[in-house]
Amino acid sequence: MEKEIIEQALKSWKKIGEVVEFIPYGSGHINDTFLVTTKEKQYILQRINTNTFRDVDGLMSNIDEVTSFLREKTLEEGKDADREAMSVVRCDDGARYTRDDQGNCWRMLSYIEHSVCLQKARNEQDLFECAAAFGKFQYLLTSFPAEKLSETIPQFHDTENRYRNFEQAVAEDKMRRVALVQQEIEFLRQRKEDCSYMVNLQKSGQLPLRVTHNDTKLNNVLLDETTMKGLCVIDLDTVMPGLAANDFGDTVRFGANDCKEDEEDQSKVHFLLDLYKVCVKGFLQEAGPILTEKEIMTLPWGAKLMTLECGMRFLTDYLDGDHYFKISRTHQNLDRARTQFTLVRQMEACWDEMVGASKEYLDAKNQ
Ligand code: ADP
Ligand code: GN1
Ligand code: MG
């Protein structure tokens, strides 16, 4: 992206003082992120992906409301709110974001200092911290008034609808890629009914809608650089009403394995049951007290369906021409999809043990 566009965006925040430098930052799939350094402080500047997020006012209102709420909660707990809660840095005119000449939308966030963002857990503790951070996030937002939230991406984790979109992409075959992915298509068709499982439980009132994060991967949590304890949950674009087990599930999808999300060699992809159990411990340590038995018993479903759904989204995007997820090489979305499907297969192979981890927690709790 040209330097001039970023410089123009920065003009909306003269109050931060003279900017010494700005550099591309992080490795998210959706927004463009920059670390901005002034003489005094650092900030996060993001170009919001408006193809993904159409209602930027609603999106920024959500983030502002949620970060303010979490800030209050953190202060109530007597903790350092500048480190444990992110905040929206308003533009000089008080707006939550700015729009440049070309129609790009930009926001600024406080930079969480002395933190690290990992792309891969280095050990069990890292993953525990991630799961616990999202469990805590869930717990803290129990009393957040959900009616204040806009649905930033409608039907985000409606897996049934994601399946329909996948079949549509197959039918359209825009890139003439369907012939290359027959096995993957078959894999998904065999699991069509699974896609409705959690959606149906929610619709029939057996699972409650909560305020959830919806994108709970390890690189959306910052850890304290000294203690390596979970510090702050970031990337709040998808905070919306959702299912607790799905928040748990996306942490498992990304973390309970030994591979990259876009691994090319499927023989290197392993779902790790021990790490799954670490996620259960971490998440339930924080969110356990507020979750129902049914929510706890459906944690394995959250793990399997978030992985299946994510793979299905990668495959759909591959068939459509890679417009949604950023790619740095051709077929990257196909590799991402295949990796998710391999993980799903392995989860299915140790399903009873996964269910057992929830039962064990409930048995101990009910004793
Ligand atoms: P995306 O939606 O593209 O994933 P994120 O909001 O997750 O965008 O930001 C991308 C990366 O920028 C993160 O993975 C993290 O490394 C860094 N980052 C984002 N917000 C902050 C923050 N407030 N403080 C420090 N680093 C941040
Ligand atoms: C995207 O924005 P980022 O990189 O944290 C995506 C998630 C996917 C994830 C897969 C808004 O997350 O839903 O699970 O990629 N976010 C959006 O890595 O679609
Ligand atoms: Mg992110």
Side-chain angles (χ1 to χ4, degrees), residues 22-37 41-54 59-60 62-63 67 70-71 81-89 106-120 130 134 151-159 162 165 212-225 231-240 242 246-247 249-255 257 260-263 302 305-317 323-327 332-333 335-337 339-340 343:
F22 49 83
I23 51 166
Y25 198 66
S27 53
H29 295 339
I30 304 293
N31 297 308
D32 295 309
T33 304
F34 301 88
L35 177 64
V36 175
T37 306
K41 272 174 102 168
Q42 290 182 302
Y43 299 88
I44 291 288
L45 177 73
Q46 286 183 318
R47 182 172 70 154
I48 302 165
N49 185 327
T50 47
N51 285 326
T52 306
F53 301 105
R54 310 246 162 202
L59 171 78
M60 289 310 296
N62 281 5
I63 297 181
T67 51
L70 291 174
R71 194 179 170 80
D82 287 339
R83 300 207 64 223
E84 300 199 16
M86 197 170 69
S87 52
V88 176
V89 180
W106 298 85
R107 68 175 168 223
M108 196 174 281
L109 303 168
S110 61
Y111 177 74
I112 306 293
E113 290 177 0
H114 307 298
S115 66
V116 286
C117 176
L118 299 175
Q119 297 307 320
K120 199 76 220 149
C130 169
F134 284 115
E151 202 178 4
T152 53
I153 303 179
Q155 297 181 291
F156 191 58
H157 284 320
D158 180 339
T159 315
R162 295 286 188 183
N165 295 343
T212 48
H213 182 282
N214 296 305
D215 188 4
T216 55
K217 47 185 185 175
L218 179 72
N219 62 14
N220 286 331
V221 176
L222 300 177
L223 305 177
D224 182 290
E225 75 180 10
L231 191 60
C232 180
V233 165
I234 58 169
D235 201 347
L236 305 179
D237 292 325
T238 49
V239 175
M240 284 180 280
N246 287 346
D247 264 12
D250 205 39
T251 295
V252 171
R253 173 189 79 76
F254 195 76
N257 58 58
K260 296 180 291 182
E261 190 181 55
D262 61 347
E263 179 55 61
L305 290 188
M306 283 301 95
T307 312
L308 186 71
E309 180 189 281
C310 196
M312 190 154 65
R313 292 171 63 199
F314 288 142
L315 187 65
T316 304
D317 198 33
H323 298 302
Y324 190 91
F325 296 105
K326 286 189 213 165
I327 52 166
Q332 190 174 15
N333 273 323
D335 290 329
R336 286 172 175 153
T339 299
Q340 307 313 302
L343 292 171

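Treat the numbers as computed from the prediction; the structure is a model and nothing was measured. One-based numbering, in listed order, for ligands and for the atoms of each.
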For this session: Would you mind listing which atoms of ligand 2 come within a distance below 4.0 Å of any non-hydrogen atom of Asn220?
Result: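 Close to Asn220: 5 (O).
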For this session: Output the list of atoms in ligand 2 that are nearer than 4.0 Å to some heavy atom of Glu261, sorted by atom number.
Result: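 Every atom of ligand 2 under 4.0 Å from some heavy atom of Glu261: 10 (C), 18 (O).
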For [X], counting its heavy atoms only, list the atoms of ligand 1 lying under 4.0 Å from any of them.
{"X": "Cys117", "result": "14 (O), 15 (C), 16 (O)"}
{"X": "Thr33", "result": "9 (O), 10 (C), 12 (O)"}
{"X": "Tyr25", "result": "12 (O), 17 (C), 26 (N)"}

Exercise. Which one of Arg47, Met108, Gln46 has a non-hydrogen atom at the shortest distance from atom 8 (O) of ligand 1?
Worked result: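 Looking at heavy atoms only, Gln46 sits closest to atom 8 (O) of ligand 1.
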Problem set entry | Per atom 4 (O) of ligand 1, closest listed option by heavy atom (Asp235, Ile48, Val89) |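 It is Asp235 whose heavy atom sits nearest to atom 4 (O) of ligand 1.
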For this session: Just give me the atom name: the N, O or S atom of Asp235 closest to the Mg ion (ligand 3).
Result: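 This turns out to be OD2.
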Among all protein heavy atoms in this structure, tell me which lies nearest to [atom], with the distance rounded to 0.1 Å.
{"atom": "atom 12 (O) of ligand 2", "value": "Asp215 OD2, 3.0 Å"}
{"atom": "atom 11 (C) of ligand 1", "value": "Gly26 CA, 3.8 Å"}
{"atom": "atom 14 (O) of ligand 1", "value": "Asn219 O, 3.1 Å"}

Exercise. Would you call Asp224 and Arg83 a salt bridge, taking side-chain N to carboxylate O under 4.0 Å as the test?
Worked result: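 Salt bridge between Asp224 and Arg83, a charged N being under 4.0 Å from a carboxylate O: yes.
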Measure [X] to ligand 2 on non-hydrogen atoms and call it side chain, backbone, both or neither using the 4.0 Å cut-off.
{"X": "Arg253", "value": "side chain"}
{"X": "Phe254", "value": "neither"}
{"X": "Thr238", "value": "side chain"}

So which bit of [X] gets within less than 4.0 Å of ligand 1, heavy atoms only: side chain, backbone, both or neither?
{"X": "Leu35", "answer": "neither"}
{"X": "Ile44", "answer": "side chain"}
{"X": "Ser115", "answer": "neither"}
{"X": "Leu222", "answer": "side chain"}
{"X": "Ile234", "answer": "side chain"}

Exercise. Near the Mg ion (ligand 3), is there an N/O/S atom from Asn220 that is less than 2.8 Å away?
Worked result: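 Yes, Asn220 qualifies, because one of its backbone or side-chain N, O or S atoms lies under 2.8 Å.
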For this session: Output the distance between atom CE (Met60) and atom CD1 (Ile48), rounded to the nearest 0.5 Å.
Result: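 Going from CE on Met60 over to CD1 on Ile48, the span is 5.0 Å.
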For this session: Would you check if Ile63 and Val239 make a side-chain contact, meaning some heavy-atom pair closer than 4.5 Å?
Result: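 No, their side chains stay 4.5 Å or more apart.
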For this session: Starting from the C-alpha separation in whole Å, work towards a yes-or-no answer on side chain to side chain donor-acceptor pair (under 3.5 Å) for Thr216 and Thr251.
Result: CA-CA 5 Å; Thr216 55; Thr251 295; 3.3 Å; yes
